[in-house]
Amino acid sequence: MKKLEFIKRSHGSHWVGDGFPVRGVFSYNDIAEQMSPFLLLDYAGPANFTPTTARRGVGPHPHRGFETVTIVYDGQVEHRDSTGGGGVIGPGDVQWMTAAGGIVHEEYHGADFAKTGGPFEMIQLWVNLPARHKMDRPGYQGITADRMPTVALALADGAGSVRVIAGRYGDAQGPAHTFSTMNLWDLKVQPDRTVTLELPEGHTAALLVLRGSIALPGEQIAREAELAVMERAGTQLSFSTQADGATLLLLSGEPLNEPIVGYGPFVMNSETEIRQAFLDFQSGRMGRIAASAAT
Ligand code: MN
């Protein structure tokens, strides 16, 4: 049975652009080693937006050396990038963007959502790339809700469900292509249940609480927007829900064990590579977003 290492509480809230009120749950500036291959997680919302005709979000900016994974729980996110990739994702959809060697993108609320307003909730997770893939061609996976299998939690009848975004739960295979071995699951667990998840030995393992709370080994409680980081040793992650049940995101993966040097939107393995990233962006080598056909 995996022991709890610690519970990471949000290091504060801030706005990303004018569209995303986020709680920074973790970043490679604080727990890089423990969370590898995951670099950063921002939890946006839950928040309520009033209707507007303005564009709310973040204008064109670059990334290099990793992937951004956007999971929408409520609301709508619209994305366009310098490879021509783009689209609108809504509740239940996931966007898996591989910045790799360099991409420029913009992230806004979807126009339809902006017009009506309403509840907004999403997660943006940064997933590191192994050094040998950091300069690969960029890519984009728009993963709609219907492509992700949702299965019952094993070993406990009616205890809840698992939606597999990446990796595998039992026979259920997630659709996301990844560059290292990982599991990314949405979990919904009924009140007062004990759940044991089987994970590969030696992998990073952490649970983010979105709703409700969970009791972990050692009687510690993780609550909303808190991340329970487990030890890597062992294959069984066990926790219990309380009277409210819980909605969770499981992050698990093989640690990369490579140096992390990041600055702003770039995460590489050395200072030299970061300097090169700035030069390449400034000289236009990460591309640009084509003029919009939309109005
Ligand atoms: Mn971005």
Side-chain angles (χ1 to χ4, degrees), residues 15-20 22 27-28 37-42 44 54-72 76-90 93-111 114 122-144 165-166 175-180 256 258-295:
W15 282 79
V16 175
D18 60 0
F20 308 107
V22 307
S27 107
Y28 61 89
F38 307 105
L39 290 169
L40 173 152
L41 190 148
D42 275 349
R55 294 190 90 195
R56 280 191 291 227
V58 203
H61 60 279
H63 291 294
R64 171 179 278 181
F66 61 97
E67 304 184 282
T68 64
V69 178
T70 306
I71 307 170
V72 177
Q76 238 184 10
V77 178
E78 186 182 313
H79 154 98
R80 288 196 309 148
D81 70 46
S82 50
T83 70
V88 178
I89 57 170
D93 298 336
V94 173
Q95 175 206 95
W96 199 293
M97 188 189 80
T98 306
I103 204 165
V104 175
H105 78 156
E106 57 182 30
E107 299 159 278
Y108 287 102
H109 290 190
M122 65 162 240
I123 278 173
Q124 189 165 86
L125 172 69
W126 291 12
V127 178
N128 206 0
L129 286 168
R132 67 181 186 284
H133 289 297
K134 279 185 178 285
M135 292 301 285
D136 282 5
R137 290 173 66 87
Y140 176 84
Q141 303 173 71
I143 306 172
T144 47
I165 301 169
H177 169 268
T178 65
F179 287 83
S180 62
L256 296 179
E258 291 171 345
I260 294 173
V261 180
Y263 193 92
F266 308 128
V267 183
M268 302 299 290
N269 304 112
S270 71
E271 298 280 352
T272 308
E273 289 170 328
I274 291 295
R275 277 194 292 276
Q276 189 62 49
F278 275 97
L279 290 173
D280 288 350
F281 171 58
Q282 282 156 7
S283 61
R285 278 193 289 258
M286 293 189 187
R288 49 180 50 83
I289 299 174
S292 178
T295 50

To the closest 0.5 Å, what do you measure between [atom1] ([X]) and [atom2] ([Y])?
| X | Y | atom1 | atom2 | result |
| --- | --- | --- | --- | --- |
| Phe20 | Trp15 | CZ | CH2 | 10.0 Å |
| Arg55 | Glu106 | CZ | CD | 5.0 Å |
| Gln141 | Glu67 | CD | CD | 7.0 Å |
| Phe179 | His133 | CZ | NE2 | 6.0 Å |
| Ile71 | Leu41 | CD1 | CG | 7.5 Å |

Checking His177 now: which residues fulfil side chain to side chain donor-acceptor pair (under 3.5 Å) with it, not counting sequence neighbours?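 Applying side chain to side chain donor-acceptor pair (under 3.5 Å) to His177 gives none.
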Would you call Lys134 and Glu258 a salt bridge, using N to O less than 4.0 angstrom?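 Here Lys134 does not pair with Glu258 in a salt bridge, since their nearest N and O are not under 4.0 Å apart.
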Heavy-atom distance under 4.5 Å between the side chains of Met122 and Gln95, does that happen here?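 No, side chains not in contact.
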Non-hydrogen side-chain atoms of Thr70 and Ile89 separated by less than 4.5 Å: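 Counting from C-beta outward, Thr70 and Ile89 do come under 4.5 Å.
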Looking at the rings of His105 and Tyr140, which for Trp means the six-membered one, are their centres under 6.0 Å apart?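 When the ring centroids of His105 and Tyr140 are compared, they turn out to be at least 6.0 Å apart.
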So, the side chain of [X] versus the backbone of [Y]: is there a donor-acceptor pair under 3.5 Å, distance only?
| X | Y | result |
| --- | --- | --- |
| Asp280 | Ala277 | no |
| Asn128 | Phe66 | no |
| Thr83 | Gly85 | yes |
| Arg64 | Phe278 | no |
| His79 | Glu107 | no |
| Asp81 | Val104 | no |
| His63 | His61 | no |
| Glu273 | Met268 | no |

Ile165 vs Trp96, test: side chain to side chain contact (heavy atoms under 4.5 Å, CB included). Steps then yes/no. CA-CA 10 Å; Ile165 301 169; Trp96 199 293; 4.1 Å; yes
Non-hydrogen atoms of [X] and [Y] that approach each other most closely:
| X | Y | answer |
| --- | --- | --- |
| Pro259 | Asn269 | O-ND2, 2.8 Å |
| Pro138 | Ala99 | CB-O, 3.5 Å |
| Gly262 | Ile274 | CA-CD1, 4.1 Å |
| Phe281 | Phe266 | CB-CZ, 4.0 Å |
| Met286 | Ser82 | O-OG, 3.2 Å |
| Ala100 | Asp136 | CB-O, 3.1 Å |

For the pair Met97 and Gln124, evaluate side chain to side chain contact (heavy atoms under 4.5 Å, CB included) and give the outcome as yes or no after the intermediate values. CA-CA 11 Å; Met97 188 189 80; Gln124 189 165 86; over 6 Å; no
Verdict with supporting geometry, Leu129 and Thr98, side chain to side chain contact (heavy atoms under 4.5 Å, CB included): CA-CA 9 Å; Leu129 286 168; Thr98 306; 4.2 Å; yes
